[in-house]
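Here is the structure we will look at, set down as structure tokens.
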Amino acid sequence: MKTNKLLIFSVFLVLATAISACGSTAPTSSEKIKVAFIYIGQPGDLGWTYEHERGRLMLEDQLGDQVETITVPDVPEGPDAEKAIRDVVEAGAKIVFTTSFGYMDPTIAVAEQYPDVTFEHCSGYKTSDNTSTYFGRIYQPRYLSGLVAGSMTEDNFIGYVAAFPIPEVVRGINAFTLGVKTVNPDANVHVVWTNTWYDPVKEREAAVALLDEGADIIAQHQDTTEPQKAAKEYGKLSVGYDADMAQFVGDSVLTSPVWNWGKYYIMTVQNVLDGSWESHQYWGGLADDVVMLADLSPLVPDDVSSLVESEKEKLISGDWDVFCGPISDQEGNEIVTKGECMADGDMLGMAWFVDGVVGTIPAE
């Protein structure tokens with residue numbers, strides 16, 4: 001009997017709410033669903049945050065009549081991020097995208113306090129009932145850019161300015177190196193760590209050190225264009241990252257693995273709006289257009305362009321992937337046998353270098 005009374009009362013509330021809604025005016029902008037973005041840097045960094053900002057603008061363009069967006073730039077990773085995340089929820093955000101790896105634990109902590117808010121964390125691995133993770137298989141265009149670099153190097157010395165020694169960065173270095181070695185077994189990729197995501201001075205210094213050692217192509221995993229500018233000043237070539245860095249530096253940038261977050265943001269917000277959102281771990285690739293390879297420089301020969309396009313089609317088909325064997329590590333140990341491919345979990349936890357990488361992985 002108690003259950004029946006409760007049911008009747010619940011139905012009454014629903015009907016009362018519906019009647020009240022029928023008598024209200026048309027939705028105003030204040031009734032749009034608020035979507036918040038927590039940024040590690042400034043939207044104008046020309047790299048990681050720049051691409052998330054482009055995705056936000058695509059979301060507004062596509063669903064602008066249904067959404068209102070909030071951005072909070074320059075939020076440090078770690079525990080201090082918790083306040084920024086909580087603040088946007090208190091400001092009315094119903095969907096929160098936290099766009100850097102170091103926001104993972106703060107995102108989970110705030111999500112526990114606000115079960116009616118949807119949280120999406122970029123590049124992490126922890127989920128909850130109202131928290132998902134999302135990332136892209138950027139290693140696929142990394143591999144393609146390695147094909148270009150391996151084909152274009154004359155000295156077989158390619159420099160790589162690396163960010164932090166985490167699996168994401170290690171995976172990118174390995175994928176790039178596999179591309180290099182596919183077309184040029186004599187070339188090696190020399191790694192210098194900066195422990196930065198965005199520090200123009202340090203990243204330039206690392207690139208200059210590699211150039212002084214003999215590198216004739218520079219690749220990177222940070223947001224600034226300083227490594228590309230340094231390579232150009234030395235009369236050398238480069239491969240960008242995050243955004244198409246050729247538009248900022250010129251044709252000496254052979255290509256760039258780039259992000260296309262807008263497609264994911266539109267899909268996710270639409271799922272929340274129509275009630276179909278469920279907690280998930282998303283890892284889309286070239287086939288999903290979440291990651292792409294920027295246009296090749298006019299300096300890239302036609303035969304290299306054709307090879308890149310052919311390998312790209314193989315990746316899109318799903319019949320083959322970058323980390324399919326045989327693959328050996330720096331010591332010559334076969335890690336992935338011929339005919340086998342690495343599982344996603346193994347790729348996500350990658351902590352070893354493939355044959356062809358010169359350098360070590362320091363403790364985080």
Side-chain angles (χ1 to χ4, degrees), residues 37 39-58 61 71 73-74 99-100 122 136 138 140-142 144-149 151-153 158-164 168-169 172-173 176 179 189 192 194 196-212 215-263 286 289-300 304-305 308:
F37 294 80
Y39 290 155
I40 189 69
Q42 287 287 335
D45 68 359
L46 309 181
W48 178 257
T49 300
Y50 172 81
E51 288 301 325
H52 283 284
E53 176 70 357
R54 284 207 315 124
R56 182 188 70 83
L57 294 174
M58 289 174 64
D61 183 62
T71 63
D74 291 328
T99 65
S100 194
C122 185
I138 197 70
Q140 292 180 338
R142 284 272 193 202
L144 298 178
S145 70
L147 295 174
V148 178
S151 299
M152 300 291 288
T153 181
I158 299 172
Y160 201 110
V161 182
F164 290 92
E168 173 195 341
V169 179
I173 294 168
F176 177 78
V189 177
V192 170
T194 63
T196 62
W197 292 122
Y198 185 85
D199 189 320
V201 174
K202 285 186 178 180
E203 290 146 23
R204 178 183 176 83
E205 288 175 349
V208 168
L210 287 162
L211 291 161
D212 285 341
D216 63 351
I217 296 180
I218 295 292
Q220 74 181 66
H221 194 118
Q222 292 92 345
D223 299 341
T224 68
T225 55
E226 290 305 311
Q228 280 66 45
K229 292 178 180 177
K232 184 175 183 178
E233 290 166 12
Y234 272 65
K236 305 299 181 181
L237 304 172
S238 66
V239 172
Y241 176 56
D242 281 331
D244 180 4
M245 291 186 169
Q247 61 184 312
F248 310 113
V249 180
D251 292 344
S252 60
V253 180
L254 299 173
T255 188
S256 303
V258 299
W259 298 95
N260 182 30
W261 293 116
K263 187 166 185 178
L286 286 166
D289 288 332
V290 174
V291 296
M292 301 182 295
L293 188 70
D295 291 342
L296 302 184
S297 165
L299 301 177
V300 178
V304 177
S305 299
V308 169

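Since the structure is predicted, the reported quantities are computational estimates derived from the model, not experimental observations. Hydrogens, waters and symmetry mates play no part in the numbers below; they use all other heavy atoms, side chains included.
- Note that CG of L210 is 12.5 Å distant from CD1 of I217, once rounded to the nearest 0.5 Å.
- Residues W261 and C122 form a side-chain contact, since some pair of their non-hydrogen atoms from C-beta on lies under 4.5 Å apart.
- With sequence neighbours excluded, the residues that form a side-chain contact (heavy atoms from CB on, under 4.5 Å) with A246 are D244, V253.
- Distance check: E168 CD to I173 CD1 gives 10.5 Å after rounding to the nearest 0.5 Å.
- Screening Q247, Q228, M292, M245 against S256 for a side chain to side chain contact (heavy atoms under 4.5 Å, CB included) leaves a single residue, M245.
- Sorted by first and then second residue, the salt bridge (Lys or Arg N to Asp or Glu O under 4.0 Å) pairs with a member in residues 232-242 read R204-E233; sequence neighbours excluded.
- Two residues are said to be in side-chain contact when any heavy atoms from C-beta on lie closer than 4.5 Å; E226 and K202 fail this criterion.
- For the pair L237 and L299, the minimum side-chain heavy-atom distance is below 4.5 Å.
- Within the 4.5 Å cutoff, no side-chain heavy atoms of S297 are placed close to those of S252.
- Within the structure, salt bridge (Lys or Arg N to Asp or Glu O under 4.0 Å) pairs that include any residue of residues 47-56 comprise E51-R54, E53-R56, R56-E60 (at least two apart or interchain).
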Given the rule in the side-chain contact (heavy atoms from CB on, under 4.5 Å) test, do D212 and V208 qualify, once you have shown the distances and angles that lead to the verdict?
-> CA-CA 6 Å; D212 285 341; V208 168; 3.6 Å; yes
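- Judged as a side-chain contact (heavy atoms from CB on, under 4.5 Å), and not counting sequence neighbours, the contacts of F164 are I166, N195, W197.
- For the pair Y160 and I218, the minimum side-chain heavy-atom distance is 4.5 Å or more.
- Distance check, rounded to the nearest 0.5 Å: OG of S238 to CD1 of I158 gives 12.0 Å.
- N260 contributes atom CG, which lies 11.5 Å from atom CG of L286 (distance to the nearest 0.5 angstrom).
- Side-chain contact between S145 and L293 is present, with at least one heavy-atom pair separated by less than 4.5 Å.
- Of all non-hydrogen atoms in V290 and G136, the two that sit nearest each other are CG1-CA, 4.4 Å.
- Of all heavy-atom pairs spanning A207 and P227, the tightest one is CB-CA, 3.7 Å.
- Side-chain atoms of Y39 and D74, non-hydrogen and from C-beta on, never get closer than 4.5 Å to each other.
- Partners of Q222 according to the side chain to side chain donor-acceptor pair (under 3.5 Å) rule, which considers only residues two or more places apart in sequence or in another chain, are T194.
- Here the shortest heavy-atom pairing between G41 and T49 reads N-OG1, 3.3 Å.
- Here the OG atom belonging to S305 is positioned 11.5 Å from the CG atom belonging to L147, to the nearest 0.5 angstrom.
- Between A294 and T255, the closest heavy-atom pair is O-OG1, 2.8 Å.
- D223 and Y241 share no donor-acceptor pair across their side chains, judged by distance under 3.5 Å alone.
- Side-chain atoms of V148 and V239, non-hydrogen and from C-beta on, never get closer than 4.5 Å to each other.
- A donor and an acceptor atom, one from each side chain of T153 and D216, are located under 3.5 Å apart.
- Judged as a salt bridge (charged side-chain N to carboxylate O under 4.0 Å, His left out), and not counting sequence neighbours, the contacts of D289 are K263.
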